[in-house]
Every structure is written in C-alpha cells, then in structure tokens.
Enquirer: 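Here's a structure for you.
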Amino acid sequence: MRLSHSLVPTLKETPTEAQIVSHRLMLRAGLVRQTAAGIYAWLPAGLRVLQKVAQIVREEQDAAGAQELLMPTIQPAELWRESGRYEDYGKEMLRLKDRHERDLLYGPTNEEMITDLFRQSVRSYRALPQILYHIQWKFRDEVRPRFGVMRGREFLMKDAYSFDIDYAGAVASYRRMMLSYMRTFRRMGLKAIPMQAESGPIGGNMSHEFIILAPTGESAVYYDAAFEEIDYSASGFDIFSEADLERFFGLVTTHYAATDEKHNPAVFAALEAGRRREGRGIEVGHVFYFGTKYSAAMGFAVAGPDGRPVAPEMGSYGIGVSRLVGALIEAFHDEAGIIWPDAVAPFRAAILNLKAGDPACERMAEDLYAKLAPSVLYDDREERAGVKFADADLMGHPWQLIVGPRGAARGQVELKRRASGERQELSLDSALAQIV
RNA sequence: CGGGGCGUGGCGCAGCCUGGUCAGCGCGCGUGUUUUGGGUACACGAGGCCGCCGGUUCGAAUCCGGCCGCCCCGACCA
C-alpha cells in the first residue's frame, strides 16, 4: 500500500474520548473510527489486523477439528422463545421488527440457531461428536460501552459449539477447545491463562475464561509461574488424544490462577515465593459446558446406540476477535506507539523514503516496494523524515526499511526493528532476506 | 440503570459566569519560499447553520426549556 493514497489517518493528538492506551493508539494509528457509541468502522490498516487475528483463530479451530460455517446476524425471535431466552436476555438484546411486524433480533450469540441447524439434520449418535464455529459480528446493547473496541456493542466474535452424545465426550470437546485456545493466543505472542469462571446467562456448570496478560489490563491477576513452562504445542499434547487432553486439563486447572475478585491471598501465599506471579489481564475468551440445556429445551434428540432418543451434550466457546485487537495493543506498545507481534501486524514492514523526489531514494524505495508489495506499507508521502519516523513507530510495523540519501548512494538501506529499536545498514538483498 | 461531565472548522481547546466589533487560538489542510535522518520556519489562503428545536431579548455561542449525541466513575459483560 502506498501511504500517500491510503485512508490511514494518523493523528498527532489524542481525541479526548479515548482513555485507555489501546483505544488512543487505535485512533491515532488510523485503525478505526467510531461511528456511534460502541460501534466502530475498521479502516484499511485496522481491518488487516482484524483479519490476521481472525485467520489465526480460524486455523487453530480447523486444526482442532472444528468446522467453519457462517450463521446470519439477524435471527427470528421464535428460536429464542423456544429456549426461553427471548424474555430472559433483557435489554442487551437488540430487538427488531421487519415490515410484516415479525419479531427479529440481532444475534448476541448463537446457541439457539446452531441447535436448530443440528436438529434439522442430525438424527443419529453416529454423526457425533461435532464442533462447529463461525466468525461473525455480534451485537449486545451494553449499558455502557467503553474502552474502544474492547467493549463495543458491535463486535466480531468466534463462537464454536460442540455436540456430543454423552458427558465424557462433552468433556473431551471442552478440553480440546481449551487447548486450541492456548495455541491460538500463543501464536499471537500472548500469554494466556485459563481461569475458573461463573457461567453467567449462557448457563451451565463448567466454565473457564481466558485472560491474557497485559500491563494495562483491566483486572489484577495472580498465578503460578508453572503456566509459563507448559508446552502447549503439538509436541506437548496431541489434541485428538483424550489422554493428552486430560493431562493438559489437569495441568492447567491445578495451578493457582485467579483474578482479583476471586483471589485467595492465603492460598496464593502458600505458593513457593519464586513461583508467585502478579500482573494484569484482559479477558479475551470464554468457554462453557452446559449439557443438554438447549438440546432439551428445543427438542433436539438423536437416536442413541439402543435406538432411544438422547439429548446431545453441548458446550460453547467464544473468542472476542475484535477485542483481541485492542488487547494485543494493551500487551504490546510503548510511548511511541504500537509494537505489533509479527503474526498480526497489518504490514510486515514499512518503507520510509526519507527524501521523496530524490532519484536514488525513489529508485531504491520503488525497488523494495515492488519486491514486497502488498504486505508492506510504502510511506511515499512528501513529508519530513521526522514525520515518517513518528508515524511508522506509531503504527508499529515490525520492521522499518529506511531509505535515505546517505545509504542510497552506497546501495544500502537501514533496517530497524520496532520492538528492540535495533538498526543495521544492509544491502537490499540482505535486508529483504531478514524480513521475509 | 445510578452518579458526574461535555457538545464551538478534521483534531485539541479558549470564549459562556458579567448577552452587543466574538466567531478566536494551536495543530492539521492548500499555495509559495525555506528546511532536508526524528513531528522545520515564515508568508498568504481555504474551512465553522457555535449539536438540534423552541423561548426570553432591539440583539443569543453566551440566559431559559425540551430533545439528541458522546465521554467518565460505579453495578454488568466476548
């Protein structure tokens, strides 16, 4: 992308409404713009991040054997009347009427709809287990949206639903999703910790929330350093082995971990001093097991091995995709701006032409751009060097390819790593080799 | 939903209390000169129904009423 003709409106000053770091930086770096309270437009650079985050989530869901589908944002009220939640959900649900006065709603979650889809077609226990997910916009009419994209009313969520024939199966699905989540967050460079949670309005009796660590997180967290030593990768656990899943679940649930509201100082103090970790965290995911709550309420049963009907055991698993973008910034930033982990950066690198109009610089910058487009942002604006440096730091590209008259004369480019600030003078080829 | 606050060019703000040469400042934007490796300097210029509706008044950004929108703290949540 050429910055001179892109809608990436960076801001020198911070809009007053933005109070937390990620919100300020998202506005300043030109990633999003607010359209109404808790509702945001994702501008080109922001959308690239959102899509990268979604893609990592998608790949890890697929790797855990989940199937992707896409359910609509608008749902008929009937489905929710069947489960009883049309009345229960309250004002957070955005209710609509179509031209025929039919009651509709903008989905805040999809348990009813997925159950309906399953009961239409699945008749036998032999088709189970299955896990389905989609990545779709949700709307929850929060009383008080805040923190920018972290607590919006409209948000992008990955929600998965598991169907098993019995409790043991449901437990395995639940654990499989948990492991998938740990891998997902790790791929983004985040440290995540699963914590015992209340199951809230979704209902059920087993629930964990996933907190990622960030210095500016919303709540204090206390945990055992053992979490940092677990190898969640395929070499640590086979995600399709029930024995491995059980071992994984055991590790992840026995070590101490709590947010401030559930923190038990006495238990924490009993931990060996060297293992006690305190930090701040942000909730980015939540998993629930709720048994037959929806299948029973909505009359969904399959034939069991003995031919008699059985209501499948279900669970649901959410990751706040758009929230993650904000959470990532909370976890990775400094005074100058965002520091994107490579895996989610909107652009791998920025090319800074320090002297637009200079033939040698133009040639070198264009050459680099031709080789790296479209995964790179070319700052070809007629701006001073300082402006370009400041904007590149703000936007947080992992690498900066700095093309100036000094180096261009010698066929050299300066490569800067945003995270460490390290710079090195290199030939074009070795610079390219480094950032690919 | 309870409490607090704010709406004035794209952004950040002053002006309001004490109505009238009050529509202003900084940044940004355009043109020119200047500068040329960390948000350069100067000059000229464009840009605003002062959130909306109504009222008071000879006169309203300023006073009064209603409405709308947004933010912050708290209770609640992916």
Side-chain angles (χ1 to χ4, degrees), chain A residues 7 9-20 23-24 27-28 30 33-39 53 57 89-93 107-110 133 135-160 181 197-202 207-212 218-219 259 261 282-288 316-327 335-337 352-358 361 379 381-394 400 402-409 413-414 416 421 423 425:
Chain A
L7 186 62
T10 57
L11 263 26
K12 211 175 188 176
E13 292 174 275
T14 306
T16 26
E17 74 267 19
Q19 295 298 313
I20 63 159
H23 191 196
R24 285 202 293 259
L27 258 19
R28 290 229 293 132
R33 284 289 112 107
Q34 186 177 124
T35 293
I39 300 178
V53 170
V57 171
Y89 218 92
K91 290 191 168 172
E92 289 213 345
M93 180 185 280
T109 176
N110 287 60
Y133 76 97
I135 298 175
Q136 177 65 291
W137 292 92
K138 304 289 186 295
F139 194 93
R140 291 184 193 170
D141 201 355
E142 299 282 345
V143 218
R144 191 187 158 209
R146 65 185 123 169
F147 305 148
V149 120
M150 300 254 286
R151 177 84 185 278
R153 291 193 292 171
E154 187 185 52
F155 57 97
L156 187 61
M157 178 163 102
K158 184 287 298 180
D159 40 322
Y181 277 26
E198 308 293 346
S199 45
I202 297 197
S207 173
H208 287 86
E209 50 187 41
F210 289 76
I211 308 285
I212 61 110
E218 54 193 341
S219 48
T259 54
E261 65 242 20
I282 301 167
E283 184 189 345
V284 292
H286 207 150
V287 295
F288 306 87
S316 72
Y317 315 90
I319 290 181
V321 174
S322 46
R323 169 180 283 192
L324 258 173
V325 175
E335 298 67 39
L352 311 192
N353 183 354
L354 297 192
K355 195 165 185 183
D358 176 85
C361 291
D379 192 345
R381 297 174 299 173
E382 290 185 31
E383 287 291 353
R384 301 206 77 222
V387 174
K388 297 189 179 185
F389 284 130
D391 274 349
D393 287 348
L394 208 213
Q400 293 173 21
I402 301 163
V403 177
R406 239 160 45 191
V413 65
E414 191 175 314
K416 175 182 164 182
R423 298 152 174 270
E425 287 264 329

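Values reported hereafter were calculated over all heavy atoms of this structure, with side chains retained and with hydrogens, waters and symmetry mates removed. In what follows, every chain begins at residue 1, and chains take the letters A, B, ... in the order their sequences are listed.
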Enquirer: Looking at the base of B:rG39, is there any donor atom on it, or on the side chain of A:Arg381, that sits under 3.5 Å from an acceptor on the other one?
Expert: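 Check fails, no donor-acceptor contact within cut-off.
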Enquirer: Which is more 5' along RNA chain B, the nucleotide nearest A:Lys355 or the one nearest A:Ile319? Just name the residue.
Expert: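 Counting from the 5' end, the first nearest nucleotide belongs to A:Lys355.
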Enquirer: Going by the rule ring-ring contact (aromatic ring centres under 6.0 Å, His included), which residues pair with A:Tyr317 if we only count those two or more places apart in sequence or in a different chain?
Expert: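 Once residues adjacent in sequence are excluded, A:Tyr317 has no partner under the ring-ring contact (aromatic ring centres under 6.0 Å, His included) criterion.
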Enquirer: If we call it a pair only when both distances are under 3.5 Å in a Watson-Crick or G-U wobble match, what pairs with B:rU56?
Expert: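 Paired with no nucleotide.
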Enquirer: If you assign A:Gly404 and A:Thr35 each to the RNA chain B nucleotide with the nearest heavy atom, which residue ends up on the more 5' nucleotide?
Expert: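 It is A:Gly404, whose closest nucleotide lies nearer the 5' terminus.
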Enquirer: Using whole Å, what does the distance between atom P of nucleotide B:rC77 and atom CE of A:Met93 come to?
Expert: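 Answer to the nearest Å: 16 Å.
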Enquirer: Between B:rG12 and B:rG39, how far is it from one C1' atom to the other, in whole Å?
Expert: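 Nearest-Å result for B:rG12 against B:rG39 at atom C1': 16 Å.
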Enquirer: Looking at every heavy atom in both A:Asp141 and A:Lys91, which two are closest together, and how far apart are they?
Expert: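 Heavy atoms of A:Asp141 and A:Lys91 come nearest at CB-O, 3.6 Å.
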Enquirer: So do the side chains of A:Arg423 and A:Ile402 get within less than 4.5 Å of each other, counting heavy atoms only?
Expert: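 Sidechains of A:Ile402 and A:Arg423: in contact.
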Enquirer: What is the distance from NZ of A:Lys388 to P of B:rU36, rounded to the nearest Å?
Expert: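 My rounded result for the distance is 16 Å.
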Enquirer: Does a side-chain heavy-atom distance below 4.5 Å link A:Asn110 with A:Gln136?
Expert: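 Answer no - side chains too far apart.
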Enquirer: Is any side-chain heavy atom of A:Val53 less than 4.5 Å from a side-chain heavy atom of A:Lys158?
Expert: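 A:Val53 does not reach A:Lys158 side chain to side chain.
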Enquirer: Between B:rU34 and B:rU21, how far is it from one C1' atom to the other, in whole Å?
Expert: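 After rounding to an integer number of Å, I get 37 Å for this pair.
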Enquirer: From C-beta outward on A:Arg28, which listed nucleotide comes closest to its side chain: B:rG39, B:rA75, B:rG37?
Expert: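 Shortest atom-to-atom distance from the side chain points to B:rG39.
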Enquirer: Quick check: do A:Phe155 and A:Lys138 have side-chain heavy atoms less than 4.5 Å from each other?
Expert: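 Of all side-chain heavy-atom pairs linking A:Lys138 with A:Phe155, at least one is under 4.5 Å.
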Enquirer: Looking only at atom P, what distance separates B:rA46 and B:rG24, rounded to whole Å?
Expert: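 Pairwise P distance, B:rA46 against B:rG24, rounds to 12 Å.
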Enquirer: Which parts of residues 152-160 of chain A get close to RNA chain B, meaning a heavy atom less than 4.0 angstrom away?
Expert: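 Residues of residues 152-160 of chain A under 4.0 Å from RNA chain B: A:Gly152, A:Phe155, A:Met157.
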Enquirer: Measure the shortest side-chain to side-chain distance between A:Arg151 and A:Glu218 over non-hydrogen atoms and say whether it is less than 4.5 angstrom.
Expert: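 No - every pair of side-chain heavy atoms lies 4.5 Å or more apart.
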Enquirer: Do A:Tyr181 and A:Val284 have side chains that get closer than 4.5 Å, going by heavy atoms?
Expert: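 Side-chain contact under 4.5 Å: no.
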Enquirer: Quick check: closest heavy atoms across A:Gly404 and A:Cys361, and the distance to 0.1 Å?
Expert: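 In this case the closest contact between A:Gly404 and A:Cys361 is C-SG, 3.5 Å.
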Enquirer: Using the C1' atoms only, state how far B:rC44 lies from B:rA61, rounded to an integer number of Å.
Expert: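 Per the computed distance, 29 Å lies between those C1' atoms.
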Enquirer: Whole Å only: how far is the CZ atom of A:Arg151 from the P atom of B:rC73?
Expert: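 Result: 11 Å.
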Enquirer: Go through A:Glu142 and A:Glu92 one step at a time and tell me if the side-chain contact (heavy atoms from CB on, under 4.5 Å) criterion holds.
Expert: CA-CA 6 Å; A:Glu142 299 282 345; A:Glu92 289 213 345; 3.7 Å; yes
Enquirer: Give one of base, sugar-phosphate or nothing for A:Ala18, where a contact means two heavy atoms less than 4.0 Å apart.
Expert: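 The residue A:Ala18 makes no contact with any strand.
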Enquirer: In Å and rounded to the nearest 0.5 Å, what is the CG to CG distance from A:Asn353 to A:Asp358?
Expert: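 CG of A:Asp358 is found 7.5 Å from CG of A:Asn353.
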Enquirer: Which donor-acceptor pairs under 3.5 Å do side chains of residues 9-19 of chain A form with protein atoms, sequence neighbours excluded?
Expert:
residue: A:Thr10; atom: OG1; partner: A:Asp391; partner atom: OD1; Å: 3.3
residue: A:Thr10; atom: OG1; partner: A:Asp391; partner atom: OD2; Å: 3.2
residue: A:Gln19; atom: NE2; partner: A:Thr16; partner atom: O; Å: 3.0

Enquirer: What is the distance, to the nearest angstrom, from the NE2 atom on A:His23 to the C1' atom on B:rC70?
Expert: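 After rounding, the reported distance stands at 11 Å.
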Enquirer: Let me see the working for A:Glu383 and A:Phe389 under side-chain contact (heavy atoms from CB on, under 4.5 Å), right down to the final yes or no.
Expert: CA-CA 10 Å; A:Glu383 287 291 353; A:Phe389 284 130; over 6 Å; no
Enquirer: What does B:rC1 pair with, Watson-Crick or G-U, if both distances are under 3.5 Å?
Expert: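 Looking at the geometry, B:rC1 pairs with B:rG74.
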Enquirer: Less than 4.5 Å apart, any side-chain heavy atom of A:Arg323 and any of A:Glu283?
Expert: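 Of all side-chain heavy-atom pairs linking A:Glu283 with A:Arg323, at least one is under 4.5 Å.
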Enquirer: Indicate the atoms forming the closest heavy-atom contact of A:Val149 with A:Ser322, along with that distance.
Expert: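 Between these two residues, the closest heavy atoms are CG1-O, 3.0 Å.
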Enquirer: For nucleotides B:rA75 and B:rA23, find the distance between their P atoms and express it as a whole number of Å.
Expert: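 Between the two P atoms, the distance is 48 Å.
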Enquirer: For atom C1', what is the distance between B:rG3 and B:rA41, given to the nearest Å?
Expert: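 The answer is 49 Å between these two C1' atoms.
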Enquirer: What does A:Val284 touch in the nucleic acid at a heavy-atom separation under 4.0 angstrom: a base, only the sugar-phosphate, or nothing?
Expert: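 Counting heavy atoms under 4.0 Å across all strands, the contact made by A:Val284 is with sugar-phosphate only.
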Enquirer: State whether the side chain of A:Arg153 and the backbone N or O of A:Ile39 hold a donor-acceptor pair below 3.5 Å, judged by distance alone.
Expert: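 A pair under 3.5 Å: no.
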Enquirer: Enumerate the protein-to-nucleotides 9-11 of chain B contacts in which both atoms are nitrogen or oxygen and the separation is below 3.5 Å.
Expert:
residue: B:rC11; atom: O2; partner: A:Glu13; partner atom: OE1; Å: 3.2

Enquirer: State whether A:Gln19 places a side-chain N or O below 4.0 Å from either non-bridging phosphate oxygen (OP1 or OP2) of B:rC73.
Expert: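 A:Gln19 to B:rC73 OP1/OP2: no side-chain N or O under 4.0 Å.
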Enquirer: Considering only B:rG37, B:rC29, B:rC77, which nucleotide approaches the side chain of A:Glu383 most closely?
Expert: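 Closest nucleotide among those given: B:rC29.
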Enquirer: Once you round it to whole Å, what is the distance between C1' of B:rA78 and NE2 of A:His286?
Expert: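 From A:His286 NE2 to B:rA78 C1': 9 Å.
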Enquirer: Please give the distance between the P atoms of B:rG47 and B:rC25 as a whole number of Å.
Expert: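 It works out to 15 Å between them.
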Enquirer: In whole Å, what separates the C1' atom of B:rC49 from that of B:rA60?
Expert: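 After rounding to an integer number of Å, I get 14 Å for this pair.
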Enquirer: Tell me which nucleotide, if any, is Watson-Crick or G-U wobble paired with B:rA23 when both distances must be under 3.5 Å.
Expert: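 Across all strands, not a single nucleotide pairs with B:rA23.
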Enquirer: Heavy atoms under 4.0 Å, any strand shown: does A:Ala37 hit a base, just sugar-phosphate, or nothing?
Expert: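 Sugar-phosphate: the residue A:Ala37, judged by heavy atoms under 4.0 Å, touches backbone atoms but no base.
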Enquirer: A:Glu382 CD to B:rG28 P: how many Å, rounded?
Expert: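 The answer, rounded to whole Å, is 16 Å.
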Enquirer: Specify the separation, in whole Å, of atom CG of A:Asn110 and atom C1' of B:rA78.
Expert: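 Distance, rounded to whole Å: 13 Å.
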Enquirer: Specify the closest pair of heavy atoms between A:Lys355 and A:Pro405, including all atoms of both residues, with the distance to one decimal.
Expert: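 For A:Lys355 and A:Pro405, the tightest heavy-atom pair comes out as CD-CG, 4.0 Å.
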Enquirer: Polar atom pairs between nucleotides 1-8 of chain B and protein, under 3.5 Å, N or O only, would you list them?
Expert:
residue: B:rC1; atom: OP1; partner: A:Lys91; partner atom: NZ; Å: 3.3

Enquirer: Base, sugar-phosphate alone, or nothing: which one does A:Asp391 contact when heavy atoms must sit under 4.0 Å apart?
Expert: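 It contacts base atoms.
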Enquirer: Specify the separation, in whole Å, of atom CZ of A:Arg24 and atom P of B:rC72.
Expert: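 It is 12 Å, rounded to the nearest whole Å.
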Enquirer: When we call it a touch if two heavy atoms are under 4.0 Å apart, what does A:Gly318 touch: a base, just sugar-phosphate, or nothing?
Expert: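 Nothing: the residue A:Gly318, judged by heavy atoms under 4.0 Å, touches no strand.
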Enquirer: Could you run through nucleotides 40-46 of chain B and give me one letter per nucleotide, 5' to 3': B if any protein heavy atom sits under 4.0 Å from the base, S if only the sugar-phosphate is that close, - if neither?
Expert: B------
